[in-house]
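Side-chain atoms are counted along with the backbone in the values below, which use heavy atoms only and exclude waters and symmetry mates. Chain letters run A, B, ... following the sequence lines, proteins first, then strands; residues in each count from 1.
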Amino acid sequence: MHTSLYQTLATRGFIHSVSNTDGLRAALERPCTFYVGFDPTAPSLHTGHLIPLALAAHLAEAGHHPVLLAGGGTGLIGDPTDRAETRDLLSAERVAANTRAVRQQVDRLFENEQADVAIVDNAAWLTQLRYLEFLRDIGRHFSVNEILATETYRARLESGQGLNFVEINYRLLQAYDFLHLFREHGCILQIGGSDQWANILAGVDLIRRIEGEEAFGLVTPLLTTSTGQKMGKTASGALWLDPELTSPYDFYQYWINIEDASVERTLALLTPLPMDEVRALAALRGAEIRTAKERLAYEITARVHGNEAAAAARDGARALFGRDGGSSAAAPQTRVTQEQLAAGLGIVDLLLTTGLAGSRSAARRLITQGGAYANEQRVNSPDVVFDADAFQGGELLLRSGKKRYHRVLVDED
RNA sequence: GGGUCGGUGGGUGAGUGGCUAAUACCACCAGACUGUAAAUCUGGCGCCUUCAAGGCUACGUAGGUUCGAAUCCUACCCGGCCCA
C-alpha cells in the first residue's frame, strides 16, 4: 500500500509539531508551496539548519515547491528566540554580507534538486514597509499579552533580562513574511526548527485573520545527543556548512564520531537513505556499527559538499584510521618552505601554525599531556625540532589527540 | 528625567581591598579503557617565556584612591526594578 508523504516524514522523525495535522496531511496530497527561512546571523549556515533543509529536500522530492528565504530583513532585527539576553544588532553591512553567503549556500545545496526552487530575501519587502501602515494593518492583529506569554519572552521577563521594542517586533516581521509569501507565492506551509514554533504559528494566525485562509506550520525536532545536548558543536565552535569554515574532512569526522545512540535518528533525518536501510544499519552492534557511521558521515557530507568531497574525506579517514596506512591526502594541510625546514621546525610552532593548538601555551600543554604525535610517534618534549629527515617524502604527519590530523608539506623548489 | 540595584573567563554563576588568573557546575581539550562510540576514571582548560622561581594582560569603559583593587571613589556606557 502507498505510504503518504506525511507518514514518511513522521516515520523519519521530522515532525515535532504541526499546526493542524489532518489539514496538512490533506494539503500535501497536492503539490503545494512551502518555505523555510534562515536568518543571516553568521556568514554560513551550520548543522542546526540541516534538519529543516533535509525536510525541504524531502518535500521538494515529492513534488512540492520550496521557497528558501534568506532573512536579510529580519536579520537586521535579530530573533530573540532562545536568547537569554538582547543580542547586539548586527551592522547592515554584516547582515548584507551574511545574506549573500547564506543565499549562495542554500542555492548550492538545492542545485541538484529537480524541483523549481525559489530563493528570496525578505529585505526585498521588509525594507519597503511603511511604519504607520504596518502598525495599523499588521500590528493590530497581535496581542502583546500573548507574545509575552510565550516561552522565550516570558523567560526573558522572569529572568529580569528585559526585552526591547525591537525584539518584540521580530515575531510580527516573521509572521508578515509568511503572509507575504502566502500572497505572492501561494505559500501555504512554513517549516522550521522547533524553536521557531511560536514565530511560525504567528504567521499562520495572521494569514487566517487577514486572508481568512488556512496555512500550516510544521516544526522539526532539534538535533540533540542522547543526553539532550545540542549537536554540532566542536572545539572551534559551530560545525559550519561552508567548506572554508569547516573543511569537508572535519565535517565528515564530526559525523563519524557521533555516539551510537544517535545513529538511527541521524540517518533518518539527515540522509536520503530509505528507512529499511536506515534500520538495518542502526541495528548493527558493537564495532560493526562503525559501518553505519561511515555511511552516515558519507551521506551527510555528500549532501552538503558533494560526492567527490565526501569520497575524499572517507578515503582519507580510512587511510588515517585504518590499519594499513595509506594516503593521508584528505587531512588538512599546511605548506612550509625549504628555508623554514632548513632553519628547523619546532614542534610548538608547527602545532600552532597548523591550528592543532590555539596558542603556544596550548601546544605545550598538549605535548606535556602526551597528546602530540608526529608521524605517529608521540612527541615527548616541546623542544623537539624537525629537520629534513623527519619529512620522508616531503611530508610530516602531525596528530593532536587521537583524531585530529594535519599534514605539513615542504614546498618543492 | 529621578531613585535604586547590577554588568566577572565559551555558558551558568561565586567572589565585595592582599591568601584571586579568579570557587563551583556545564562545555571543551588530553591521558587511560574502547570500536575514530557511550559511560567511567585521571589530568588540563588567559597569554608569553630559556618552563623554574618569572613576566604580561584580564572581572562594562575611562580615570582616581591605596604599598596593593574584580573588590573603594568619580564620570561615562549598557541593563533590571520603582517613580515620571
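- Base contact: A:Q253 has a heavy atom under 4.0 Å from a base atom.
- For a distance-only test at 3.5 Å, the side chain of A:Q369 qualifies as a donor-acceptor partner of the base of B:rG43.
- What separates CD1 of A:I289 from C1' of B:rA37 is a distance of 8 Å, to the nearest Å.
- In terms of phosphate contacts, A:T368 brings no side-chain nitrogen or oxygen within less than 4.0 Å of OP1 or OP2 of B:rG44.
- In a base pair of the Watson-Crick type (N1 to N3 plus N6-O4 or O6-N4) or a G-U wobble (N1-O2 and O6-N3), with each distance short of 3.5 Å, B:rA24 is matched with B:rU12.
- On the P atoms, B:rA30 is 16 Å away from B:rG46, given to the nearest whole Å.
- Of all heavy-atom pairs spanning A:W240 and A:T246, the tightest one is N-OG1, 2.9 Å.
- Within 4.0 Å (heavy atoms only), A:R285 reaches no atom of the nucleic acid at all.
- Nucleotides B:rC67 and B:rU61 place their P atoms 25 Å apart, quoted to the nearest Å.
- For the P atoms, the distance from B:rG31 to B:rC81 is 48 Å, rounded to whole Å.
- A side chain to side chain contact (heavy atoms under 4.5 Å, CB included) with A:L218 is found for exactly one of A:L28, A:L189, A:T21, namely A:L189.
- Across all strands shown, B:rC67 pairs with B:rG18; the Watson-Crick or G-U wobble distances both stay below 3.5 Å.
- Each of A:G370 and A:D383 has a nearest nucleotide on RNA chain B; the 5'-most of these lies closest to A:G370.
- Taking atom CG of residue A:L366 and atom P of nucleotide B:rC28, one finds them 17 Å apart after rounding to whole Å.
- A 3.5 Å limit on both hydrogen-bonding distances identifies B:rU40 as the Watson-Crick or G-U partner of B:rA32.
- When the C1' atom is used for both B:rC78 and B:rG68, the distance is 30 Å, rounded to whole Å.
- In this structure, CD on A:Q196 lies 10.0 Å from OG1 on A:T220, to the nearest 0.5 angstrom.
- Look at the C1' atom in both B:rG3 and B:rG10: the space between them is 36 Å, to the nearest Å.
- Heavy atoms of A:S361 sit under 4.0 angstrom from at least one base atom.
- For B:rA37, the OP1/OP2 oxygens have a side-chain nitrogen or oxygen of A:K403 closer than 4.0 Å.
- In this structure, A:L351 places its CG atom 13 Å from C1' of B:rC29, rounding to the nearest Å.
- Summary of the strand contacts: A:S400 and A:R360 both lie near RNA chain B, and taking for each the nucleotide with the nearest heavy atom, the more 5' one is attributed to A:S400.
- B:rC72 and B:rU66 have their C1' atoms separated by 9 Å, given to the nearest Å.
- Summarising the geometry, the separation between NZ on A:K402 and C1' on B:rG31 is reported as 7 Å, rounded to the nearest angstrom.
- At a threshold of 4.5 Å between non-hydrogen side-chain atoms, the residues A:L296 and A:I258 count as touching.
- Spacing between atom CD1 of A:I367 and atom P of B:rG31 amounts to 13 Å, rounded to whole angstrom units.
- Dashed line: the shortest gap from a side-chain N or O of A:R365 to OP1 or OP2 of B:rC47 is under 4.0 Å.
- Note on A:R290: every side-chain N or O is 4.0 Å or more away from OP1 and OP2 of B:rA37.
- For the ring pair (Phe, Tyr, Trp, His ring centres under 6.0 Å) test, residues two or more places apart in sequence or in another chain that qualify with A:H180 are A:W125.
- Of the listed residues (A:D39, A:T127, A:T74), just one forms a side-chain hydrogen bond (donor to acceptor under 3.5 Å, both in side chains) with A:N122, and that residue is A:T74.
- Less than 6.0 angstrom separates the ring centroid of A:F134 from the ring centroid of A:Y176.
- In this structure, the CZ atom of A:F321 is 9 Å from the P atom of B:rA37, given to the nearest Å.
- Straight-line distance between the C1' atoms of B:rG6 and B:rC59: roughly 14 Å, to the nearest whole Å.
- Going from atom CZ of A:R378 over to atom C1' of B:rG31 covers 7 Å, rounded to whole Å.
- The gap from the C1' atom of B:rA24 to that of B:rA14 amounts to 7 Å, rounded to the nearest Å.
- The side chain of A:Y373 lies closest to B:rG31 when the candidates are B:rG35, B:rC48, B:rG31.
- Base pairing analysis places B:rG79 opposite B:rC5; the two distances defining the Watson-Crick or G-U wobble pair are each below 3.5 Å.
- As judged by a 4.0 angstrom heavy-atom cut-off over every strand, A:G286 is placed among the base-contacting residues.
- Distance, A:N164 CG to B:rC77 P: 18 Å, rounded to whole Å.
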